[in-house]
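In what follows, chains are A, B, ... by sequence order, proteins preceding strands, each numbered from 1.
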Amino acid sequence: MSHELTAAYALDAVDDTERREMEAHLATCTDCVTEIAEMRETLGLWAAAEVEPVEPPAYLRQAVLARIAETSQSAEVFRTPLPRRRYAYAGAAAAAVVVLALVGVLIGQQVRLRDQRTRADDIAAVLAAPDAQLHTAPATGGGQVNVVVSPSLSRAVVTLRDLPSAPGKSYQMWLVRDGEAGSAGVLEGTSADGVQLIDHVIEATDFGLTKEPAGGSAAPTPPMLVDIKL
Amino acid sequence: MDGAGADAPAEELLGLVATGDQRAFARLYDQVAGRVLAVATRVLRDRAQAEEVTQEAFVEAWRTAARFDPARGSALAWILTITHRRAVDRVRAEQAGTRRERAVAAPGREYDEVAEAVVAVDERRQVRRCLDALSGVQREAITLAYWGGHTYREVAAQLNLGLPAVKSRMRDGLLRLKECLAVAR
Ligand SMILES: [Zn+2]
């Protein structure tokens, strides 16, 4: 009877009585134990990818760390440490490690937008759009450019990372329509890490980035450091 | 210094947590708290309650870390399992009090870290492809249960299905999702 409830149990979609019955069943049925473990792994990876990570407030971290400092671990706990194995987990578990590693890489380029709620909302809308497409390319001379385009919103979010600083110059973004490059914005400062929101991307065929005299130019100065087909 | 580096895999950190290592716990928190809070927020649709559930889930992870078995899965999924169950318990308790109808939660809209979200766009694309491999009913059944916090009986009523049918839709859907996620990555 409980065999059939594995999925509902893994989804936390059973009532308390069924939950207890299933837990009793699991004491004797290794097939169901394995199946539920696999389902939970699947659901965890799925859920982790479905949500945008939320930055937890500092007080929450403090509260959690204070509480565990005063909380004893359950009796079976004190045992020898696991052998230090790295990336030894098969399949989906390894994928989770990769996802976390990617997140870790990006922690260095967190962008704070608390004071710019509207712009942040606009950016969030692009990133959450069902038709959002990610394009990514290295820039000539160093650095990385990601462009997320939402055709339905006719907007794009550009993230720039590790572009070399360019004293006396400005980085400028371009959108190419009908073979014609129009300015999509001049970046402030001489080095550019950060996030840009650009409008009217709908008919654009290419996204480009150049280095221009300070303040920007009316037309791009070769070479294009990045040319991304949209 | 001590056992694991700052970029140690969460599985390794959780192994250290099981020995009472509070620093490993802090690192683990930093790696996964953003996703734990996001999942709790999406199920509960209330930030304050989601923060409470996040705190409870991490305390439970601390207490029961010895039960984590890396051969069975990732640390992230293990912690999200704890989180989801606690979040759903709250939804049920709240419903018992008010009997309020809940629609499926809309995707969370709190982003502070755009760069992370850009990566998430790519992940979501893969996940969406996997969700497309599910039939409409399988997808709805899983979504209503997982994000809506509904029991399978409630899901059956909402989708006009019998109980055996909803159980098998959930099971078949999860198995397909598992296969697709394993292939896609
Ligand atoms: Zn069984």
Side-chain donor or acceptor of B/Glu154 paired with backbone N/O of B/Thr151 under 3.5 Å
yes
Checked B/Leu174, B/Thr54, B/Leu80 vs chain A; the most non-hydrogen pairs under 4.5 Å come from B/Leu174
Ignoring hydrogens and geometry beyond distance, is a side-chain donor-acceptor pair present between A/Asn146 and A/Thr136 at under 3.5 Å?
yes
At a heavy-atom distance under 4.5 Å, which candidate from A/Leu11, A/Val64, A/Val33 has the highest pair count against chain B?
A/Leu11
Chain A contact via B/Ile79 - which portion, at a heavy-atom distance below 4.5 Å
neither
Under 4.5 Å from any heavy atom of chain A, what part of B/Val59 do you find: side chain, backbone, both or neither?
both
From the options A/Glu4, A/Glu18, A/Arg19, A/Glu23, select the one residue that forms a side-chain hydrogen bond (donor to acceptor under 3.5 Å, both in side chains) with A/Tyr9.
A/Glu23
Could you check, using the six-membered ring where one of them is a Trp, whether B/Phe25 and B/Trp62 have ring centers closer than 6.0 angstrom?
yes
salt_bridge(B/Glu140, B/Arg169) N-O dist < 4.0 Å:
no
Assign the ring pair B/Tyr29 / B/Phe58 to parallel, tilted or perpendicular, where the plane angle (0 to 90°) is split at 30° and 60°.
tilted
Under 3.5 Å, is there a donor on one side chain and an acceptor on the other for A/Glu41 and B/Ser74?
yes
Need one label for B/Tyr146: side chain, backbone, both or neither, based on atoms under 4.5 Å from any heavy atom in chain A.
both
May I ask you to say whether B/Arg90 pairs ionically with B/Asp46, meaning some side-chain N is under 4.0 Å from a carboxylate O?
no
Only pairs of heavy atoms separated by less than 4.5 Å count here; which of B/Gln22, B/Gln55, B/Glu56, B/Arg85 has the most with chain A?
B/Arg85
Side chain, backbone, both or neither: which part of A/Leu65 has a non-hydrogen atom closer than 4.5 Å to chain B?
side chain
Sort B/Asp89 into side chain, backbone, both or neither according to what part of it lies under 4.5 angstrom from a heavy atom of chain A.
side chain
Does any heavy atom of chain B fall under 4.5 Å from the side chain of A/Thr6, the backbone, both, or neither of them?
side chain
Option in A/Ala47, A/Ala10, A/Ala13 with maximal non-hydrogen atom pairs under 4.5 Å from chain B
A/Ala13
Based on non-hydrogen pairs under 4.5 Å, which of A/Arg61, A/Glu35, A/Glu38, A/Met39 is most in contact with chain B?
A/Arg61
